[in-house]
Each structure stands twice: as C-alpha cells, then as structure tokens.
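Chain naming here is simple, since letters A, B, ... match the order of the sequence lines and numbering starts at 1 in each. In this text the structure is predicted, and so the values were computed from the model without any measurement.
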Amino acid sequence: MADTTFLDSTELVLNMGPQHPSTHGVLRVILKLDGEKVLGTECIIGYLHRGVEKIAENRTYAQFNPYVDRMDYVAAISNGLGYCLAVEKLLNVEVPARAQAIRVILTELNRIASHLLWLGTHALDIGAITPVFYCLREREEALKIFEKYCGARLTTHAFRIGGLLYETYDGFEQEIIDFCKMFLPHVDEYEELLTNNRIWVGRLKDVGILSGDECKEFGVTGPVLRAAGVKWDLRKAQPYSGYEKYDFEIPTRTNGDTYDRYIVRMEEMRQSVRIMEQAVAAIPEGPIMGKVGKVIKPPVGEAYVSIEAPKGELGYYAVSDGSTQPYRVRVRPPSFVNLQALDRMIRGGLVADVVAVIGTLDIVLGEIDR
Amino acid sequence: MAATPWESDLASEIRERFGEGISATSTYLGQNFIVARPDLAIPILEFLKLDCDFDYLVDLTAVDWPKRAERFDIVYILYSFSRNERVRLKIQIADGYKPETAVGVHLTANWLEREVYDMFGVEFAGHPDMRRILMPDEWEGFPLRKDYGILQQDQRWVRENLGIESGQ
C-alpha cells in the first residue's frame, strides 16, 4: 500500500447483487472496474433454479401447465401460450377460432402489463420515480381483467391444452375496448415524461449498444433485436394463433442503444392495443376447446414451438415417448439467452450504465434460472 | 404418424456434402431435422451458417436416453432470418464422449453448452469456460439425467452449505 497513491489505477472487483434492487431479482454480477470504467463482467445465475424441466418429466402434460407460469411470472400468459402450443403441436390438434382470438387478446394484454412493469422499474433504476406509479396504475387495470377472467392476477394458468377452460365473462369485450381507449393516451403521457427528458436521453442514448449482427451472434431476440434494426417478430415471421389476421406494425429503430429499445417497447404497446382492438371486434362464435381427450397422450415424437414473448423468442422443445408424461421439456427462455450479451453491451461503459443496461434487457430471473 | 423423409434442395445438398455421416434427413409435424455423426456437428453448423445462412442458433440442448448405447441426443435448433426457416441438427453420443464446442460458430452456444454440462454432465471439448451455470459449482450429480431422482439431492452440499440435514 505504501507505494500507491490515489492516482494509481488498480483493477477493482465489485460485487453487485444477488440482493440488489436494480438487478431485478436475484442476479449477481461481478464487475471488474478501472475507476468508473467497466473492464468486464461475469454473471452468476441460478439462485432461483427450481428444476422446472425436471418437474416436467415427473408430471402429466396437463399437470405441468401451471408450472410454466412461474418462469416469466410477469408474462405468465405468454408462457402458458407457448407451452400449450407445443403440446398441441405434438397432439396435432386444431384450436377453435374463438379460443385463438381470446388467447391473442389476453396475450397482448399481458404484453402490455409486462412492458409496463419494465418501463416503471427501468425508469426507477435510472432515477425517475414518477413513471412507476403511472405504469402500475394502468397495469392494475390489466391485472383486474385477468382476475375477472380466470381468478388469478399473476400466475394465471389462463389457457389449457387444446383451447380454453373458461368462457369470457359478461362484459369482457366492453372492458377490453374500454382498456384500449383508456390506455393509448397514457402511453403518450409516459412519453411526455420521458422521451424528450434531458436526463433520460442523456442516460440512455448510446449506452449499451448492440448491433444487429451481434444480436444474431448472441441469439438475442425481442425488442433488443428490433431496436438494432432487424425487423423480425415471430408473430409476423411465423404466425401462430391467428396473428396473420391482424394488421399491425413491427416497430424498429436503427441505433441499437438503450434509448432505442425504450422507443421500440413504447411503440409495441401501441401495436398491442391495435391487435386487441381488431381481435375483440371479431371474436368468432363457437366452441373454446379443441378435440383433446381427457387423457393427454401425444404420439412418440418431438416438436419445437416458439412464440414472440414480451422479452423475445420463447421456445418449447417437447419430446414425447407416447406416455402421459413428457419425456423431456426444454424451455428456451429469452431472458437467459439475452443476458449473455450483457458483457458485450457494457464492456467499456461506465458503472452507472450497468444498471441501465440490465434494465433495458428486461430480464426476469424466474425464467433465466427456471 | 411417423417422421417422413425430408425432400428439399437443402436436404439433398447436406446429404451430398456429408455423405455417410448423415443418417437421416426427416420431417415430423412439418419440422425438419438432420441426424448426423457426432464429429460432423461443427462442420455442419459451419456449413449451414456460412453457405445456407442459418445464422441464428436458437437453442442447444440434450435429451437423455439411458437405455441406448449412445446415451445422449444433443440437439441444435437453428433458424435462418433470410429464409425464415428452421432446422434441427441432432447428434447421438455415448456417455463420456466430448462433442466439440459450437462457440466458434455461434457465440450464444457458450451458456447453452454450460447448461447442458450442468444438467447432463456432457462436456464440450474446447469450450472456453466449461463450468456449471445454474447449480452450485461443488454440486455432485447431473439433475436432468434420467437416473437422477426428482427428490435426489447432493446431501453433503446441503449439509455443509445450508446447515440442515436435508432439504426435503
């Protein structure tokens, strides 16, 4: 110590998390710092590992359905949709049009709820306190609709293999229409608070840049990919659940920085409203459950099905050995894959930007650790 | 309904190029997959990426078949943005065989291979950082192997680190 002065720069290793409000759960990041500059990071994950894939092999197909909600718990409906689609693929059954429309409405509503939670907490991380109250206020309205529909607000278990268990309640359509009408001006309100806010722009512009090619190398999908200029959304590229029927845009930006990812997500919420408005205007009549037996027993085989979850490509690779229990269910979680790019995004940046970049990836640890 | 042969230009190109090393190019439920000899995995991934534009490794995972001589399936799920097409590559390996790492072709394979190692005990040769990723580093056993019970734990780890006799 005697030979060093305060002007000497030594590498400092700083531990962030697992108990830290801005790591959005139990993520531990080891930062190597030179002053305020980040030389490298290492992510330690697994604190929330519950062995979901192992549980799947020890439950029947239907019994495993509620477990998937506990992965990305802020977008449980997307998780459920992906799993149901994968098993339906294995069974090769058709889901009735009415069930598909209701699924789309609820999934898009969940996308809005997920993006709202992201926006609120991201703004909180950056230092803007107000938006989180606004965001949670509107998210509450979405959760109320979930609660009315299936009795649960967060881990909803809203869908069943083959379709839906519950018919919509009286006034469902009207409540969705009211939500859409109420919600759009609120998106403008958030943008008014943030989009041209000098501090917000200063903290986000040119921070954590990830180019389109880097995204592909790292397998990064979702809003992060779209903010880097790649116009790719599974709802358009490989439509499922009747998304091809709806008219909507894929918002993209070109810079691939934290600010662009914010703009993309804001625009995505508006597009979700558009999809919901179209879907609710034309919910077909008919059954809500496809031809699925009481005992779900897919033939021997395997399938990979993926959907556009709020965080990116959420995939299920299911292997059936012809019994009532899945032989293997592999979940391809967007957050896990996206988090791997954290090091690339933050290397050379400032320590304060780490918080911004973790926030902008929109990770959920329940999904990373499974 | 069983898997049917996959007839397309891509399939015949792969069969032509890798010959005997390809044991099947099939389609099931509209999804195409290739089954190949283990040492061909990386050349095929490279070929698919550089010549056929399959530039996105969606997922890399394993399936355990304990009764089979080649115990593990290693599954690579690939996607091409320009073709909007998916293909799966499967290799079958015996316990103890170390497949070559795919990190040199797709960076995303890094964590995915670590997870396969963590859960199945399949080591990837040449991987830059072959450690556990979700389980604790000192944990004994590989949870997603079929002979690993659902209630099974590394009792010693639980005792030493959690200070309790059993987590069950």
Side-chain angles (χ1 to χ4, degrees), chain A residues 42-51 53-59 89-92 212-221 225 230-232 234 236-238 298-306 313 315-317 319 321 327-328 330-333 336-341 344 368-370, chain B residues 1-3 26 28-31 33 49 53-65 73 75 77-82 84-88 90 103 105-112 114-116 118-119 129 131-137 139 143-146 148-153:
Chain A
E42 192 193 337
C43 293
I44 309 287
I45 56 175
Y47 293 96
L48 219 56
H49 177 64
R50 294 149 294 176
E53 291 173 14
K54 186 79 181 175
I55 293 171
E57 295 170 11
N58 291 274
R59 295 284 180 277
K89 180 93 186 166
L90 278 179
L91 288 167
N92 212 1
D213 287 337
E214 284 174 314
C215 284
K216 289 176 186 173
E217 254 177 76
F218 278 106
V220 171
T221 45
L225 178 69
V230 181
K231 202 173 177 130
W232 187 76
L234 272 170
K236 285 268 193 210
Q238 301 189 332
V300 180
E302 55 185 51
Y304 175 80
V305 175
S306 60
E313 174 171 354
Y316 287 86
Y317 174 66
V319 180
D321 60 351
Y327 189 76
R328 169 105 172 90
R330 155 71 183 172
V331 187
R332 189 266 184 206
F336 179 86
V337 180
N338 290 2
L339 182 63
Q340 199 178 176
R344 176 69 64 96
I368 291 172
D369 298 342
R370 281 157 286 142
Chain B
M1 197 175 88
S26 318
Y28 181 64
L29 298 169
Q31 302 186 341
F33 62 93
K49 182 182 179 183
D53 222 12
F54 281 88
D55 45 357
Y56 165 28
L57 177 68
V58 180
D59 201 3
L60 193 167
T61 189
V63 185
D64 182 12
W65 304 91
D73 277 349
V75 186
I77 302 173
L78 294 158
Y79 177 79
S80 161
F81 284 97
S82 57
N84 189 21
E85 190 181 333
R86 276 182 209 286
V87 65
R88 277 200 301 271
K90 256 205 284 194
V103 174
V105 191
H106 296 280
L107 275 177
T108 180
N110 189 331
W111 280 20
L112 296 170
R114 279 179 68 187
E115 194 181 338
V116 170
D118 195 359
M119 294 297 148
D129 188 20
R131 286 180 297 142
R132 285 186 179 272
I133 188 163
L134 294 177
M135 304 294 287
D137 286 340
W139 193 271
L144 276 180
R145 289 187 174 207
K146 286 285 174 185
Y148 196 95
I150 186 148
L151 295 179
Q152 195 177 331
Q153 285 183 330

Option in B/L57, B/I133, B/D59, B/L112 with maximal non-hydrogen atom pairs under 4.5 Å from chain A: B/D59
Select one option (side chain, backbone, both, neither) describing which atoms of B/V105 are under 4.5 Å from chain A's heavy atoms. neither
Side chain from CB out, backbone as N, CA, C, O: work out which of these in B/I77 comes under 4.5 Å of a heavy atom of chain A, or both, or neither. side chain
Looking at A/E53 and A/R370, is there a salt bridge between them, counting it only when a charged N and a carboxylate O are closer than 4.0 Å? yes
Proximal component of A/Y317, with respect to chain B [non-hydrogen, under 4.5 Å]: side chain
Using heavy-atom distances under 4.5 Å, tell me whether A/L339 contacts chain B through its side chain, its backbone, both, or neither. both
Side chains of B/R86 and B/Q31 only: does a donor on one sit below 3.5 Å from an acceptor on the other? no
If I measure from the heavy atoms of chain B, does A/R332 come under 4.5 Å with its side chain, its backbone, both, or neither? both
Student check: side-chain heavy atoms of B/M119 and B/L134 closer than 4.5 Å: yes
Not counting sequence neighbours, which residues clear side-chain contact (heavy atoms from CB on, under 4.5 Å) with A/E214? List them please. A/L210, A/S211, A/R344
Heavy atoms only, distances under 4.5 angstrom: which of A/Y327, A/Y304, A/F336, A/W232 has the most pairs with chain B? Name it, please. A/Y327
Engaged part of B/Y56 at the chain A interface, taking heavy atoms whose separation is under 4.5 Å: both
By side-chain contact (heavy atoms from CB on, under 4.5 Å) - contacts of B/S26 (at least two apart): B/A3, B/A24, B/F33
In terms of heavy-atom proximity below 4.5 Å to chain A, should B/Y148 be classed as side chain, backbone, both, or neither? both
Which portion of B/D73 sits near chain A, non-hydrogen atoms under 4.5 angstrom: neither
Charged N to carboxylate O below 4.0 Å: is that the case for A/R328 and A/E302? no
Least distance between heavy atoms, A/V319 atom then B/V63 atom: CG2-CG2, 4.2 Å
Could you tell me which portion of B/R132 (side chain, backbone, both or neither) has an atom closer than 4.5 angstrom to a non-hydrogen atom of chain A? neither
Do B/Y79 and B/D55 pair up side chain to side chain, a donor and an acceptor below 3.5 Å, judged on atom types alone? no
Using heavy-atom distances under 4.5 Å, tell me whether B/R131 contacts chain A through its side chain, its backbone, both, or neither. side chain
